[in-house]
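Below, all heavy atoms of this structure are taken into account, side chains as well, without hydrogens, waters or symmetry copies. When a ligand or atom number is given, it counts from 1 through the structure's own listing order.
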Amino acid sequence: MKRELVIEPCTGVSFFVKRGGIVIVEDMNGGQVADFFAEAADYNEEFLSTGVTIDVNGSIVLKKGDTIYSDRYRPMFTVIADDVGEHDILHPCCRREMYDFLYKDGAGHPNCLDNINHALKKHHCEIRPVNLFMNTRIAADGSIEVLPPKSLPGDRVTLRAETDAFVAISACSAHESQCNDGECSSIKVYVED
Ligand SMILES: [Zn+2]
């Protein structure tokens, strides 16, 4: 079954994808981060883990050919194509408290934690997603800096599902930093399974 979803700025969606299915995430206008999270469909408490992904891949960057793992060390997705080659697997979802802490504007601020929880009808206390298109520069001394995404309009990442999964994606709502190049925009998703 083929589906196309448009994620409006600062909102989230969820959908089901079968094992072997393809999920394409497109940055429609360029410069926009998409927080990508998933839960295994066959076991309700199993979810995407960037920590395990870092552990298994032995790397803090995600690139074409890499697998994204669950907290139970099972493959969930494989990156099979990537127009950008610059993503983040270090940062948690933005949330009200983050906006309060950094910018004093958390009240009523849309955020990826709420977007993904609402889309999945869950209450994860913290979500550590794959931040597609997020451009985090990691210096030799371990310091990090978030720069504008390198993604151009229409750039895509293609993932193959390695298990049946409920996926949730949020078009990140941080306009205060360079994370989304100062302006929040839409994400398009193509699903085929
Ligand atoms: Zn966000």
Atom pairs and distances, side-chain donor-acceptor, residues 169-176, under 3.5 Å, sequence neighbours left out:
from : atom 1 : to   : atom 2 : distance (Å)
S170 : OG     : N115 : ND2    : 3.0
S173 : OG     : Y99  : OH     : 3.3
S173 : OG     : P110 : O      : 2.5
E176 : OE2    : H109 : NE2    : 2.8

Atom pairs and distances, side-chain donor-acceptor, residues 121-131, under 3.5 Å, sequence neighbours left out:
from : atom 1 : to  : atom 2 : distance (Å)
K122 : NZ     : E39 : OE1    : 2.8
K122 : NZ     : E39 : OE2    : 3.1
K122 : NZ     : N44 : OD1    : 3.1
H124 : NE2    : E39 : OE2    : 2.6
R128 : NH2    : L90 : O      : 2.9
N131 : ND2    : D88 : OD1    : 2.9
N131 : ND2    : H91 : O      : 3.0

Side-chain donor/acceptor pairs under 3.5 Å, residues 6-25, sequence neighbours excluded:
from : atom 1 : to   : atom 2 : distance (Å)
T11  : OG1    : E8   : N      : 3.3
T11  : OG1    : E8   : O      : 2.7
S14  : OG     : A119 : O      : 2.8

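Of all protein atoms, those that are N, O or S and lie under 2.8 Å from the Zn ion (ligand 1) total 3.
When the side chains of ILVMFWY residues are joined at heavy-atom separations under 4.5 Å, either directly or via intervening members, Y69 and V61 end up in two distinct hydrophobic clusters.
Relative to the six-membered ring of Y43, R74 misses at least one condition, a distance below 6.0 Å or an angle of at most 45° to the axis.
Rounded to the nearest 0.5 Å, atoms OG1 (T50) and CG (N57) are 11.5 Å apart.
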